[in-house]
Amino acid sequence: MQELPKQFEPQLAEERWLKIWEENGCFHAEPNSTKKPYTIVIPPPNVTGALHLGHALNNTLQDAQIRMHRMMGFETLWMPGTDHAGIATQAMVEKRLKEEENLTRHELGREGLVSRIWAWKDSYEKRITTQLKRMGASCDWRRQRFTLDERCAKAVRYTFFTFFQKDLIYRGKKLVNWDTNLQTAVSDDEVFSETVQGHFWYMKYPVVNPKPGEPEYVTVATTRPETMLGDTAVAVHPNPAKIYDALEAQWTKDLAEAPEKEKPEIEAKLADLAKRRVELLPLLTTLAEMAKDGRMVMLPIQNREIPLVADIWAKPELGTGAVKITPAHDPNDYEVGRRCKLPMINILNKDGSLNANAGKYEGQTIYQARENVVAELEQIGVLLKVEDREIELPMSDRSKTPIEPFLSDQWFVRMDQLSQSAMDAVIDGRVKIHPERYAKGYLDWLSEKRDWPIGRQLWWGHQIPIWYCEDCPEEELKAAFAGRTDVIWKHDDANNQWWICVQEGTLDANAVPGHTLVQDQDVLDTWFSSALWPHSTMGWPDATPELAKFYPTDLLITSRDIITLWVARMVLTSLQNCNTVPFHDVFIHPKILDKFGDTMSKSKGNGVDPLDVVDKFGADALRFGMAWLTTENQDVRLPVDFECPYCGARVEQTRENRVRPRVKCPKCKEYFRTQWAKSEEDLALKRGAVISERFEMGRNFSNKLWNACRFVQMNMEGYTPGLVEESSLTLEDRWLLSRLSTVAQEFTQNLLTFKYSDAIRVLYGFAWDEYCSFYVEMVKARLNNPDQRATAQRVLVYALDVITRLLHPIMPYVTEEIWAVLNDCAPVRGIVDQQTPAQFACVAQWPELPKEWQNGEVESQFAVFQDVLRGIREIRSRQNVPPKNTVQFALKCTAELKGLLEPMSAYFASMAGAEMTSCGPDAQFPDLASNYAAADWEVSMDLTGLIDIEAELKKQEKELAKLEGFIKGKQAKLSNEAFVSKAPATVIEKEKQSLQDLIDQKTAVEQSIAKLKK
RNA sequence: GGGCGAUUAGCUCAGUUGGUUAGAGCGCUACCCUUACAAGGUAGAUGUCGCUGGUUCGAGUCCAGUUUCGCCCACCA
């Protein structure tokens, strides 16, 4: 028989099994199968870049479920794919275009840019696929999807068409962040704010027809006076007195609890508030009354009557307590405008100049207009005062110019009914979110029922399938699209045009003779296509076999930051399109942070390429580590460091060095490059991988199992399959099988309930500490005994077989290797039934062990053996007995324990180098001995001539002190009347027993001290 | 500002419905290349369970408040 290498070599195994799995179609899901289906769709990684450790975690967890269910006999589909990630990908490619060719997208043009992005996508999709495959992801690679591929496009078009038809999609106004320089809207995350010195202008708006007791003017303050041209209201708080009360109460409370040094500040705030209250409250109360009466004020310059409105947005503690409202150019005012149903007057053109709504200021820039408006206000005497003030100015990240909130036409999905349907699905349990606490965020977000703006001013994505046709009689549309059910149109009264939507394909510009059709230039929000992912990937809207077999899916595993953006939207589109939830369970896994608590990202330099970990420790080690850290926690820290490519030293990663292009190894003094290397000089250096020592554990575990497998293989000579008679089982056999059955059950249950960490800890502990450290050690003697060898072999190989199958979903490569070895040396295995195992572990049957094997009594008996063994080893260790010396010991114990332990004397010899001289209630202790006492047994080791009396006395006295401490505690507890009368009887009984045990132990220790002193 | 989570050994984390002496891995100490495995073995040291109260016979665990850290969402005329 060929000898196996002493160390497990992950790289070889990975290469081999990737190929074999692929060649044998192990991961292919067959729609025609009669097996029950089990489906997961991958959260499609963005094609913006390569995968990082977060993806490694996410995919490990999915693969574990997929592999387990495959072994459980399900027809299992894991659908892979990637996401086009609109904004992010386009921004990435544009940035590179700028850096490398100094070109903007406008210079390149739409088609040019989009083709560049496709090239980028191809290269990263390839990279991502390679990464996933090497991590062992058992996806059905023949079905790989992309959110912009034809199949997804078809689903997007059908969805848009139906939603448009059902009036779930509409055109509405939305404030966008307008970049007047690039003349495009930018997303919220592309806006940063800058603190600049500005001013705060106070101006008076005359009250229209003031009644007696009413003020003649309302004073408002603003940082942007020119926007007053678009004002459509002035707001005051509906109940100023109440707000003052509430604020005063709040700040008084803050004051009482604040640390000394913060008190003066709060006191000042309170004093100011009191002053304002005296000065402003009567006025504000009057204004609130007036607002409720629908009174008007006169907007200067424009000479337009605008209403006073009562709205919670106006805070009496700031400015004048009254706020001018410009709904078209301020996000808050926009909300007020919506609540109070105010007109929204847009005063800006797309280039940032003022439009006709600005009256005589039309054509001026914002800054010219500001100066001129202020001058006019001053001239007509309504400008009260100007204060200096620091203001936060929103800036475009792209052009570094100020952002203008700009009211524009956008497409929306109407959310009220859709949101409710998605909420209901979670409330009534059709979709279960794990851990449960994440359901709250989902429900809260959906309950706002905010309509979903789906247009993006980008070029990379699904272009909105709407064509505009101006000024065209409906008869002509009817004629042009006669007989077509795939074209619908609606009239846009505001702009006197038609919106034409077509279900598939495109419309020619001259599809309506005599008119020019223009397609909407915007693309759909990325999430619009991602929202369809579970059914679009299966071929919806076509009735494909995949859709019939594998949809709805079973499980979704993702991270918490996209519960709302993605998970919620998948639920509601699925309900709408397919009339069913897209999945039944959602598992939210922790997020990986680095040692500083920062999220991992390329831009911070702490990102880790999973393949670096795979190269160094193996894919199994990576996966083991990921499963180990997956608790219900929301974050988990994973410290990462550089590895010197020259000497292999671990180079601590710091906040400073992780953003440098090169780092010097403190050990070998060589420089290596990081991801930041740009210069040719730096790029010439070897690359230092970023890894974490946290993965050593998994690597060591692989190796441990590999060696257990070697041991089995070396001892299978003469193996014959056969059922095992219960009578031939020894205590350790029955103990092992009891544990094996328990562990298989717990492991399975934990994985099914997403307790990955618990699952792997149970299996790790069992495999290492029980199977390897005890069973394998004990079985050695029996393997040399011809009478016992057959049973020993059968149990030994069977247990490893079960461990291997259980572990396969987490560590697929090493288990396949082991499985192959087992199949070679023990082609038929089993204890209660004989099985010819599957060719590969990945398709082996999931272990289900008889529950009757679980035997508490056997386990506690075995625990006594383990304790005695530990006692003997401890004595040896503290007495420094050389490992090669055999010692003798006596064991004093009950007759019952004698019956148990005497037959195991051979194991004390082989596992602790100790020979049992006597055993039982009358065991004779040597005079000069080292002792170890437990509750119902005591070991005495003869150390004549060897004993270190000092060390022994020291140890025993320490033990005595410890015992006395416990005894005192217990006695106090048991003499506490309250405890004895109130605690349950079982607890008291347990306490009494434990006290008695402690006293017995104490007596034994005292005796051995007395002997030693003699 | 709102919501959520965390705070336990030097580090990273477990700790089920409250119940004997709070665990794991790494790291550390001592002794071992013992015939599956030095990526290993045996033994060992290390904790005021963030803080303050409360409930209870009994609190790492439950309740109230609080420190520090993190995440998500909203927002600053």
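In this view, A:Glu717 and A:Arg789 satisfy the side chain to side chain contact (heavy atoms under 4.5 Å, CB included) rule, not counting sequence neighbours. In this view, A:Pro10 and A:Phe8, A:Glu14 satisfy the side chain to side chain contact (heavy atoms under 4.5 Å, CB included) rule, not counting sequence neighbours. In this structure, the side chain to side chain contact (heavy atoms under 4.5 Å, CB included) partners of A:Ser419, at least two apart in sequence or on a different chain, are A:Met415, A:Leu446, A:Lys449. Scanning for side-chain hydrogen bond (donor to acceptor under 3.5 Å, both in side chains) contacts around A:Gln996 gives A:Asp1000, with sequence neighbours left out. Legend: residues meeting side chain to side chain contact (heavy atoms under 4.5 Å, CB included) with A:Thr558, ordered by chain and number and at least two apart, are A:Pro43, A:Leu556, A:Ile562, A:Trp566, A:Val567, A:Ile588.
If you check every strand for non-hydrogen atoms under 4.0 Å, A:Trp201 touches nothing. Among the atoms of the strands shown, none is found under 4.0 Å from any heavy atom of A:Arg876.
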Could you run down the sub-3.5 Å N/O contacts of the protein with nucleotides 55-58 of chain B?
unit_1	atom_1	unit_2	atom_2	d
B:C57	OP1	A:Lys982	NZ	2.6
B:C57	O4'	A:Ala978	O	3.3

Between the protein and nucleotides 9-16 of chain B, list the N/O to N/O atom pairs that are separated by less than 3.5 angstrom.
unit_1	atom_1	unit_2	atom_2	d
B:U12	O4'	A:Arg694	NH1	3.0
B:U12	O3'	A:Arg637	O	3.2
B:U12	O2'	A:Arg637	O	3.3
B:U12	O2'	A:Arg694	NH1	2.9
B:C13	OP1	A:Arg637	N	2.3
B:C13	O2'	A:Arg761	NH2	3.4
B:A14	OP1	A:Thr631	OG1	2.4
B:A14	OP1	A:Asn633	ND2	2.8
B:A14	OP2	A:Asn633	ND2	3.4

Worksheet item: If the sugar-phosphate is the primed atoms plus P, OP1 and OP2 and the base is the rest, what is the B/S/- string for nucleotides 27-35 of chain B, using protein heavy atoms under 4.0 Å?
Response: ---------
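Taking every heavy atom of residues 702-710 of chain A and every atom of RNA chain B, pairs under 4.0 Å involve A:Asn703, A:Lys704, A:Asn707, A:Ala708, A:Arg710, by number.
Listed nucleotides B:A43, B:A39, B:A36 differ in distance to A:Arg873; the shortest reach to its side chain belongs to B:A43. For A:Arg437, whose side chain is taken as the heavy atoms from C-beta onward, the closest listed nucleotide among B:A77, B:C71, B:C4 is B:C4.
The salt bridge (charged side-chain N to carboxylate O under 4.0 Å, His left out) analysis of residues 696-707 of chain A, with sequence neighbours excluded, yields no pairs.
With rounding to whole Å, A:Ile592 atom CD1 is found 18 Å from B:A6 atom P. Here the C1' atom of nucleotide B:G2 and the CD atom of A:Glu448 are 10 Å apart, to the nearest Å.
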Can you give the donor-acceptor pairs under 3.5 Å from side chains of residues 763-770 of chain A to other protein atoms, not counting sequence neighbours?
unit_1	atom_1	unit_2	atom_2	d
A:Glu770	OE1	A:Arg739	NE	2.9
A:Glu770	OE1	A:Arg739	NH2	2.9
A:Glu770	OE2	A:Arg739	NE	3.1

Fill in: Base-pairing string, 5' to 3', of RNA chain B - Watson-Crick or wobble, under 3.5 Å, | interstrand
((((((...((((.....[...)))).(((((.......))))).....(((((..]....))))).))))))....
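Taking every heavy atom of both residues into account, A:Met811 and A:Ala621 meet most closely at CE-N, 4.4 Å.
In summary, A:Lys591 and A:Asp561 engage in a salt bridge, as defined by a charged side-chain N under 4.0 Å from a carboxylate O.
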